[in-house]
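Accompanying notes for the structure given below.
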Amino acid sequence: MAQLAEKQSVTTLRPREAALKYGISAAEDIELLQIILRTGTVNQSLPQLAQSLLTTYDNLAFLSLASIESLTQFSGIGLTKAIELQAAFELGQRALAQRQLRQGVVASSSMIGYHMLQKLRGCTQEKLIVVYLDTKNQIIQERTIFIGGLNSSVAHPREIYRQAVLLSAARLIIVHNHPSGQITPSKNDIQFSKRLIDCGEIMGITCLDHLIIGADEYLSLKEEGVI
């Protein structure tokens, strides 16, 4: 009964007041949205606006993928609020990624593969990410190097290995996504991978694998015997 009474008392507080009193982790999804949105409109209260977002997108995962164009279709959400919402989701995703990546040693490509599936899911642009490792396979840094297709005019090994030298990395894993959702490697993917491996051998920095991230699965070019 005491817990029920305490919960009821929380609902009588405004979201910011409740967060201050009970901690931000105690806030419900709709309350977190209200904190970020701050205000409603003349015709729609703040709780109604937050509920409208959750009803339309079903949950926070789908809401986090909403574009600025679709968000600004809601009365009460202009460009500023739409960008602030996207920024809040991006901060959360980056914090989670950095926390996960610093939990220890990379034991296999699958560890990075599953992590990148979450990170790149829904991404509409092709990104090339490099995970830099030390001699014990501990992650030094995860860095987005290129945005765009893997062709010679955009992606070049020198940028990847330049960062590796700056970080004193001994090994690295290349990751890039296919926005189409398919994981079949293209001719450019394979050529780029082999070029990276050759450059790494000259510099004494090992390219362990190249992972291609699709809609709900990934492909390891190393495990497939492609490289």
Side-chain angles (χ1 to χ4, degrees), residues 29 32-33 36 53-54 56-74 77 79 81-103 106 108-133 139 141-157 159-160 163 172-193 196 207-224 226:
D29 293 351
L32 292 172
L33 281 175
I36 296 170
L53 285 170
L54 287 176
T56 301
Y57 290 100
D58 190 45
N59 58 48
L60 293 180
F62 290 121
L63 177 56
S64 70
L65 301 177
S67 66
I68 289 178
E69 290 75 17
S70 59
L71 288 172
T72 53
Q73 297 303 308
F74 289 83
I77 298 183
L79 284 174
K81 281 188 178 180
I83 292 172
E84 288 173 346
L85 271 172
Q86 287 194 336
F89 284 120
E90 181 63 21
L91 278 173
Q93 290 172 358
R94 291 187 186 188
L96 177 60
Q98 291 173 15
R99 182 165 62 249
Q100 289 176 333
L101 283 174
R102 282 160 177 76
Q103 286 183 341
V106 176
S108 65
S109 294
S110 63
M111 174 183 170
I112 299 297
Y114 288 122
H115 162 67
M116 290 297 176
L117 274 173
Q118 299 300 318
K119 181 181 180 67
L120 296 172
R121 179 168 288 136
C123 184
T124 58
Q125 288 183 299
E126 191 167 346
K127 294 183 178 181
L128 175 65
I129 298 173
V130 182
V131 181
Y132 294 99
L133 310 169
I139 294 169
Q141 186 182 79
E142 171 198 333
R143 189 179 185 91
T144 300
I145 302 292
F146 303 110
I147 297 178
L150 296 187
N151 57 66
S152 57
S153 63
V154 177
H156 197 286
E159 295 300 325
I160 292 172
Q163 187 66 19
L172 53 85
I173 296 175
I174 306 297
V175 183
H176 92 277
N177 65 311
H178 283 176
S180 65
Q182 300 299 315
I183 59 172
T184 303
S186 67
K187 182 178 179 181
N188 278 339
D189 294 337
I190 297 172
Q191 290 177 341
F192 182 70
S193 301
L196 277 176
C207 179
L208 294 175
D209 205 345
H210 182 171
L211 306 180
I212 297 176
I213 308 299
D216 53 14
E217 59 183 340
Y218 74 90
L219 175 77
S220 163
L221 270 66
K222 186 72 171 180
E223 292 176 357
E224 293 295 315
V226 178

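Since this is a predicted model, take the numbers as computed values, not measurements. Any value given below was found using the heavy atoms of this structure, including those in side chains, with hydrogens, waters and symmetry copies removed.
- Here CD of Glu142 is found 6.5 Å from OG1 of Thr144. Values are rounded to the nearest 0.5 Å.
- At distances below 3.5 Å, at least one donor-acceptor pair connects side-chain atoms of Gln86 with backbone N or O atoms of Ala66.
- Counting all heavy atoms, side chain and backbone alike, Ala82 lies closest to Ile77 at N-CG2, 3.8 Å.
- Rounding to the nearest 0.5 Å gives a distance of 7.0 Å between CD1 of Ile112 and CG of Leu133.
- With values rounded to the nearest 0.5 angstrom, His176 atom NE2 is found 9.0 Å from Phe192 atom CZ.
- Closest approach of Ile213 and Met116 over heavy atoms only: CD1-CB, 3.7 Å.
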Should Phe89 and Leu63 be marked as a side-chain contact (heavy atoms from CB on, under 4.5 Å) after you check the CA-CA gap, both sets of side-chain angles, and the distance that decides it?
CA-CA 9 Å; Phe89 284 120; Leu63 177 56; 3.9 Å; yes

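- Distance CG/Leu60 to CG/Leu54: 6.0 Å, rounded to 0.5 Å.
- Judged by distance alone, with hydrogens and angles left aside, the side-chain atoms of Asn59 form a donor-acceptor pair with the main-chain N or O of Phe62 at under 3.5 Å.
- Formation of a donor-acceptor pair under 3.5 Å by the Ser186 side chain with backbone atoms of Asp189 is found in this model.
- The side-chain contact (heavy atoms from CB on, under 4.5 Å) test with Ile174 is passed by exactly one of Ile212, Leu128, Val131, Ile129: Leu128.
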Set out, in order, the CA-CA distance, both residues' side-chain angles and the distance that settles side-chain contact (heavy atoms from CB on, under 4.5 Å) for Glu126 and Ile147, then state yes or no.
CA-CA 6 Å; Glu126 191 167 346; Ile147 297 178; over 6 Å; no

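- Rounding to the nearest 0.5 angstrom, the gap separating the NZ atom in Lys222 from the SG atom in Cys207 is 8.5 Å.
- Gln73 contributes a side-chain N or O that, together with a main-chain N or O of Glu69, makes up a donor-acceptor pair within less than 3.5 Å.
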Determine whether Leu219 and Glu224 satisfy the following criterion, side-chain contact (heavy atoms from CB on, under 4.5 Å), listing intermediate values before the conclusion.
CA-CA 8 Å; Leu219 175 77; Glu224 293 295 315; 3.1 Å; yes

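- Contact detail for Ser193 and Leu221: the closest heavy-atom pair is OG-CD2, 3.4 Å.
- Closest of all the heavy-atom pairs between Gln125 and Pro179 is C-CG, 3.7 Å.
- Checked by atom type and distance alone, the side chain of Tyr132 pairs as donor or acceptor with a backbone atom of Ile160 at under 3.5 Å.
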Could you walk me through whether Ile68 and Leu85 satisfy the side-chain contact (heavy atoms from CB on, under 4.5 Å) test, starting with their C-alpha distance in whole Å, then the side-chain angles of each, then the deciding distance to 0.1 Å, before giving a yes or no?
CA-CA 9 Å; Ile68 289 178; Leu85 271 172; over 6 Å; no

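- Atom-to-atom distance recorded for Leu71:CG and Leu53:CG is 7.0 Å, nearest 0.5 angstrom.
- The two residues Tyr57 and Ser70 have their closest heavy-atom pair at OH-OG, 3.2 Å.
- Of all heavy-atom pairs between Ala215 and Arg121, the closest is O-NE, 3.6 Å.
- Side-chain N or O atoms of Asp209 include none that pairs as donor or acceptor with a backbone N or O of Ser220 at under 3.5 Å.
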